Amino acid sequence: MVTGIGELVTCDGTGPDGLGLRTHAALVVEDGRVAWVGAAASAPAADRVVDVDGRAVLPGFVDSHAHLVFAGDRGAEFSARMAGTRYDGGGIGVSVAATRSASDDELRLLLADRVAEMRAQGTTTVEVKSGYGLTVEDEARALRLAAEFTSETTFLGAHVVPPEYAADRAAYLDLVTGPMLEAAAPHARWVDVFCEPHSAHAFTADEARAVLVAGRDAGLGLRVHGNQLGPGPGVQLAVELGAASVDHCTHLSDTDVDALAGASETTVATLLPGVEFSTRSPYPDAAGLLRAGVSIALATDCNPGTCYSSSMPFVIALAVREMGLTPGQAVHAATAGSAKSLRRTDIGRIAEGARADLAVLDAPSHVHLSYRAGVPIARTLELR
Ligand SMILES: [Zn+2]
């Protein structure tokens with residue numbers, strides 16, 4: 001039993017921002033699941049009691065967009081960008097070269113460190129994409145390693161066109177939708193594509209459609225990187241194909257917003273404000289999306305190029321400060337919202353039957369996640 005909970009954020013859809021707040025609460029965990037939630041005063045007997053002494057407890061963060069299988073360092077690229085060099089997606093090639101030359105054990109250690117870093121900040125579920133291998137063997141390897149750490153694995157062979165195929169994009173598309181998909185699919189739950197006509201390295205609407213349709217035919221769920229560097233077709237394509245999530249959504253037209261609002265039960269707009277921060281780009285209007293009826297999620301996009309932060313609390317603070325969300329809306333988007341983008345109901349909320357994936361704050365309320373930005377108050381509540 002976890003007791004002494006000053007504020008319990010259940011995300012049950014009730015009350016302000018759907019946070020379902022309870023005070024002076026307790027909960028009982030059995031076999032990794034929540035077995036009971038209620039007032040501490042009426043809690044049943046339990047074998048073991050963990051008293052969190054007035055702290056806030058919330059669902060562990062669901063980081064529904066991350067690229068954790070990579071080697072190498074791109075600090076110099078970040079530094080150059082902060083000195084004025086524009087981001088165009090080209091730096092991905094640097095990570096591809098370093099990742100291809102790393103051993104399985106090196107990549108496994110890097111992955112383990114990154115997942116541990118996330119847990120230490122309150123993240124209990126992370127989606128991990130491939131996309132720095134870009135050969136049949138290297139993409140399958142990235143997904144096989146990622147699957148050792150999470151069930152939310154995503155095939156992103158269509159991250160960029162690798163340099164060796166720059167003169168023959170069609171051949172790379174055939175590879176991604178053919179042998180590479182076949183090798184990747186057994187280790188992946190999702191397929192994703194960087195649909196971005198503003199980058200010469202990424203994929204057009206027609207190319208992205210081919211990747212998504214092939215992935216769907218192979219039994220994978222759909223996710224899209226869309227509308228990051230400028231207005232584009234990513235959102236419309238995601239909605240049309242019933243993708244679970246379209247991610248970035250930095251540049252949206254009114255038509256895009258209408259389409260997302262109409263598809264709010266199917267397609268979630270996943271916002272990645274760490275990317276706007278790390279590329280010094282304008283932030284999307286998350287508050288406006290919520291007012292329009294769009295389902296939103298927050299995730300880190302942790303990756304070596306455009307956001308090397310694994311911190312969901314940092315993302316929550318940015319979403320509040322820069323995208324107009326209230327502290328409660330941001331917490332909801334980082335838990336229940338991102339769970340919805342993974343089509344999961346067993347995570348991102350605290351309810352009887354849900355996984356006992358919990359985060360605890362060295363603070364009395366969820367507001368402190370953005371109020372005390374940059375202070376390490378969040379961690380996973382380890383009960384084993
Ligand atoms: Zn990404």
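All values reported here derive from a predicted model rather than from experimental measurement.
- Between the NE2 atom in H187 and the CZ atom in R141 there is a gap of 12.5 Å [rounded to 0.5 Å].
- Atom-to-atom distance recorded for C249:SG and L260:CG is 5.5 Å, nearest 0.5 angstrom.
- With contacts defined as side-chain heavy-atom distances shorter than 4.5 Å, the pair C302/E117 does not qualify.
- The ring pair (Phe, Tyr, Trp, His ring centres under 6.0 Å) pairs that include a residue from residues 355-380 are H368-Y371, where partners are two or more places apart or lie in different chains.
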If you apply the rule side chain to side chain contact (heavy atoms under 4.5 Å, CB included), what do you find for S199 with L229, and how did you get there? CA-CA 8 Å; S199 168; L229 302 178; 4.0 Å; yes
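- In this structure a side-chain-to-backbone donor-acceptor pair under 3.5 Å is missing from S245 to D247.
- Of all the heavy atoms in A244 and S341, the pair that sits closest is CB-O, 3.5 Å.
- Here the side chain of R74 pairs no donor or acceptor atom with the backbone of N303 at under 3.5 angstrom.
- By the side chain to side chain contact (heavy atoms under 4.5 Å, CB included) test, E322 is found to be paired with Y283, L318, residues two or more places apart in sequence or in another chain being considered.
- Within 6.0 Å of the CD atom in E148, the count of heavy atoms belonging to other residues, nucleotides or ligands exceeds 12.
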Residue pair T10, R22: steps toward the side-chain hydrogen bond (donor to acceptor under 3.5 Å, both in side chains) verdict: CA-CA 8 Å; T10 64; R22 296 173 182 231; 5.1 Å; no
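- Judged by distance alone, the side chains of S310 and Q121 do bring a donor and an acceptor atom under 3.5 Å apart.
- Side-chain N or O atoms of T267 include one that pairs as donor or acceptor with a backbone N or O of A243 at under 3.5 Å.
- No single ILVMFWY cluster, assembled from side-chain heavy atoms under 4.5 Å apart, contains both L68 and V94.
- With sequence neighbours left out, S370 forms a side-chain hydrogen bond (donor to acceptor under 3.5 Å, both in side chains) with no residue at all.
- At least one side-chain heavy atom of R355 sits under 4.5 Å from a side-chain heavy atom of R33.
- In terms of modelled atom types and a separation under 3.5 Å, the side chain of T150 and the main chain of V126 share a donor-acceptor contact.
- L237 CG to L241 CG: the interatomic distance, rounded to the nearest 0.5 Å, is 5.0 Å.
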Steps toward side chain to side chain contact (heavy atoms under 4.5 Å, CB included) verdict (S264, V294): CA-CA 5 Å; S264 65; V294 175; 5.8 Å; no
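- Other residues, nucleotides and ligands contribute at most 12 non-hydrogen atoms within 6.0 Å of the CD atom of E137.
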What verdict does the salt bridge (charged side-chain N to carboxylate O under 4.0 Å, His left out) test give for K129 and E139, after you've listed the backbone C-alpha separation in whole Å, the side-chain angles of each residue and the deciding distance to 0.1 Å? CA-CA 10 Å; K129 301 175 194 298; E139 285 295 294; over 6 Å; no
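- H159 is linked by a side-chain hydrogen bond (donor to acceptor under 3.5 Å, both in side chains) to nothing, counting only residues two or more places apart in sequence or in another chain.
- When side chains are defined from C-beta on, L369 does not count as touching P327, because their heavy atoms never get closer than 4.5 Å.
- Between T124 and G60, the shortest heavy-atom contact is OG1-CA, 3.2 Å.
- In E182, the CD atom is not crowded: 12 or fewer heavy atoms of neighbouring residues, nucleotides or ligands sit closer than 6.0 Å.
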Could you check T123 against T300 for side chain to side chain contact (heavy atoms under 4.5 Å, CB included), going step by step and ending with a plain yes or no? CA-CA 11 Å; T123 297; T300 61; over 6 Å; no
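- There is no path of hydrophobic side-chain contacts, each under 4.5 Å, that joins V28 to I350.
- In the hydrophobic clustering of ILVMFWY residues, with side-chain heavy atoms under 4.5 Å counting as a link, L290 and L252 come out together.
- More than 12 heavy-atom neighbours from other residues, nucleotides or ligands sit within 6.0 angstrom of CG on D104.
- A donor-acceptor pair is defined here as one N or O able to donate and one able to accept, closer than 3.5 Å; no such pair exists between the side chain of T279 and the backbone of T306.
- For H24, the NE2 atom counts as loosely surrounded, since its 6.0 Å shell holds 12 or fewer non-hydrogen atoms of other residues, nucleotides or ligands.
- Side-chain polar atoms of D256 and S253 form a donor-acceptor pair below 3.5 angstrom.
- Judged by distance alone, with hydrogens and angles left aside, the side-chain atoms of R55 form no donor-acceptor pair with the main-chain N or O of D362 at under 3.5 Å.
- By the side chain to side chain contact (heavy atoms under 4.5 Å, CB included) test, A184 is found to be paired with L143, F155, residues two or more places apart in sequence or in another chain being considered.
- Judged by distance alone, the side chains of H248 and H65 never bring a donor and an acceptor atom under 3.5 Å apart.
- Between I316 and F61, the closest heavy-atom pair is CD1-CE2, 3.5 Å.
- Here the closest non-hydrogen pair linking L181 and A214 is CD2-O, 3.3 Å.
- Judged purely by atom type and a 3.5 angstrom limit, D17 has no side-chain atom pairing as donor or acceptor with the backbone of L19.
- Under the side chain to side chain contact (heavy atoms under 4.5 Å, CB included) criterion, R291 pairs with D285, A287, not counting sequence neighbours.
- Counting non-hydrogen atoms of neighbouring residues, nucleotides and ligands closer than 6.0 angstrom, the CZ atom of R321 reaches no more than 12 such neighbours.
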E7 vs V9, side chain to side chain contact (heavy atoms under 4.5 Å, CB included): CA-CA, chis, key distance, verdict: CA-CA 6 Å; E7 178 187 83; V9 179; 3.7 Å; yes
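- Salt bridge present: R344 and D346 bring a charged side-chain N and a carboxylate O closer than 4.0 Å.
- In this structure, the side chain of T99 engages the main chain of S95 through a donor-acceptor pair within 3.5 Å.
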Assess whether salt bridge (charged side-chain N to carboxylate O under 4.0 Å, His left out) is satisfied between R189 and E127, documenting all intermediate values. CA-CA 10 Å; R189 179 172 182 220; E127 181 259 21; over 6 Å; no
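- No side-chain N or O of S103 forms a donor-acceptor pair with one of D105 less than 3.5 Å apart.
- M180 is connected to V160 through a chain of hydrophobic side-chain contacts under 4.5 Å among Ile, Leu, Val, Met, Phe, Trp and Tyr, so both are in one cluster.
- Looking at S278, its side chain never comes within 3.5 Å of a backbone N or O of V275 through a donor-acceptor pair.
- Note: the hydrophobic cluster containing I377 does not contain L381 (ILVMFWY, side chain heavy atoms under 4.5 Å, direct or indirect links).
- Two residues are said to be in side-chain contact when any heavy atoms from C-beta on lie closer than 4.5 Å; M312 and T335 fail this criterion.
- With D192 contributing its side chain and H225 its backbone, the two residues share a donor-acceptor pair below 3.5 Å.
- Here the closest non-hydrogen pair linking H332 and C11 is CD2-SG, 4.3 Å.
- In this structure the side chain of K340 reaches within 4.5 angstrom of the side chain of E265, judged on heavy atoms.
- Rounded to the nearest 0.5 Å, atoms CG (L271) and CE (M323) are 4.5 Å apart.
- Closest approach of F70 and P304 over heavy atoms only: CE1-CB, 3.4 Å.
- Counting non-hydrogen atoms of neighbouring residues, nucleotides and ligands closer than 6.0 angstrom, the CZ atom of R81 exceeds 12 such neighbours.
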